[in-house]
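Notes follow once the structure below has been shown.
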Amino acid sequence: MAVSLVTKYVKDFVAPHELEGIAPQVKAAHDTLHTKSGLGNDFLGWVDLPNSYDKEEFSRIKTAAKWIQQNADVLIVIGIGGSYLGARAAIELLRSPFYNNLKKDTPDIYFCGNNISPTYLNEILSICQGKDVAVNIISKSGTTTEPALAFRVFRELLEERYGKEGAKERIFATTDKARGTLKELSDREGYQTFVIPDDVGGRFSVLTAVGLLPIAVSGADIDKIMAGASDATRAYNDCDLSRNDCYLYAALRNILFRKGKKMEILVTYDPSFTLMGEWFKQLFGESEGKDNKGLYPSSVTFSTDLHSLGQFIQEGSRIMFETVVNIKRPKQDFFIKNDEQNFDGLNFLSNQNMSVVNEKAMKGTVLAHTEGGVPNLMLDVDEIDEYTFGWLVYFFEKACAISAYLLGVNPFNQPGVESYKKNMFALLGKPGYEDMKAALEEKLR
Ligand code: PA5
């Protein structure tokens, strides 16, 4: 298995009979998911996506990626939430957090439209000066404010620089197959479009064109990603906890939650995994956090954050557990040489690979944190490659759906996201929000 769950560090916190106790609920959640009889059952396209994806579109994605690689110095990926995080996480993990600074024959990739900061936008615009640019606008609804605003700016830039016909070649739109402003605009202007299937929600869409086009542009192998995810669909299809690490993980996090561990911290010891933590937070946060329920998902990169949040985790409020992603073989190692003079007193680290030091830091921390009352789950990952990335994506997606069903919430909606939008629209004077505007301004006075 590309990924396996290690449970020995939760033994002091969860007894075997507790797993026996929750097993029937996990089976019920599995049946609910697979018989498509639960909340949000019209958003289950991701469950078999790694096997049933549209092969014709997949091949168009590869062709488009090649075109972008040959014709652009910079790809601007415009999107937010599920239309952004997966691709960025994949590129940092599979290529590098320093991807844009690497010597490479693929374009630099910048992510835009995931905030409303004018400084951020101006900086990306200035990076684009004198460079050939292509744009991938990604929005399922086609109406989300942040990406729509950024796209307005980049469309104008491309049309000024390349003319309407030239711009048309350089804009790739990933959106709904039939509905929405972006789809209408794309059809009118003749942009090449890719589809986010109706039954795949934003945060479950990284294995569609949403993630695959930018990932393919970065040079990562998307066939291998789909192969990993496809094998994971078969590995995690058994509702017996002793044979399904994905369900075991969902069960354990739910047991810990019911014991007062209200927060899960995803831990990595490799900065290339940091954005996977952001993707994980969005996946679980938007899926579970509703009806006044849910685990609060958080993430850290150690050993960096051992010098910040480490103190809290060791001795602060006992409200969390950790899930440590243990990458067993780093992409590259570094041999630490002996220094005869040993002024820094570090020769006890010499004559071995740095990965050994990182591993000892991890093991020492796991022991210290469990000792301090923080249960640790561990996900062993042999090595990072495209296959494992696809596998991990499916592992977390399925664990997330089962976890949400265990909580009794709809994993696939996000009603709470509307509240900020309504207030923002009202305060900005969007037509139709006039009454609300007055009331909000009164509150702000
Ligand atoms: O998971 C989700 O559904 C959300 O995070 C969306 O991906 C996000 O709000 C962006 O939506 P859209 O793709 O419609 O612009």
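The structure displayed is predicted, hence computed values, not measured ones. Each ligand, and each atom within it, is numbered from 1 in the order the structure gives.
- Proximity of Ile137 to Pro147: side-chain heavy atoms (C-beta onward) are separated by under 4.5 Å at one or more points.
- The closest approach between any non-hydrogen atom of Glu146 and ligand 1 is not below 4.0 Å.
- Considering backbone and side-chain atoms alike, Gly201 places every N or O at 3.5 Å or more from each N or O of ligand 1.
- Applying the 4.0 Å criterion to heavy atoms of Gly82 picks out, from ligand 1, the atoms 5 (O), 6 (C), 7 (O).
- Among all protein heavy atoms, the one lying closest to atom 5 (O) of ligand 1 is Gln282 NE2, 2.6 Å.
- For ligand 1, the atoms lying closer than 4.0 Å to a non-hydrogen atom of Ile80 are 7 (O), 8 (C), 10 (C).
- Near Ser141, meaning under 4.0 Å from one of its heavy atoms, ligand 1 places the atoms 12 (P), 14 (O), 15 (O).
- Applying the ring pair (Phe, Tyr, Trp, His ring centres under 6.0 Å) rule to Phe425 yields the partners Tyr433; only residues at least two apart in sequence or on another chain are considered.
- Relative orientation of the Tyr53 and Phe58 rings is tilted, given thresholds of 30° and 60° on the angle between their planes.
- Residue Thr144 approaches ligand 1 through these ligand atoms, each under 4.0 Å from one of its heavy atoms: 11 (O), 12 (P), 14 (O), 15 (O).
- Within 4.0 Å of atom 1 (O) of ligand 1, at least one protein heavy atom is present.
- Salt-bridge formation is not detected for the pair Glu278/Arg88: no Lys NZ or Arg NE/NH1/NH2 atom is positioned less than 4.0 Å from an Asp or Glu carboxylate oxygen.
- Under the 6.0 Å cut-off for aromatic ring centres, Phe13 and Phe321 do not qualify, their centroids lying 6.0 Å or more apart.
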Tabulate below the donor-acceptor pairs under 3.5 Å that side-chain atoms of residues 192-201 make, not counting sequence neighbours, or state none.
| unit_1 | atom_1 | unit_2 | atom_2 | d |
| --- | --- | --- | --- | --- |
| Gln192 | OE1 | Arg60 | NH1 | 3.0 |
| Asp198 | OD2 | Lys177 | NZ | 3.0 |

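- Geometric assessment of Lys168 against the ring of Tyr191 yields a negative cation-pi assignment under the 6.0 Å and 45° thresholds.
- Looking from atom 3 (O) of ligand 1 to the surrounding protein, the closest heavy atom is Gly202 N, 3.4 Å.
- Taking all heavy atoms of Gln414, Glu286, Lys421 into account, the minimum distance to atom 4 (C) of ligand 1 is reached by Glu286.
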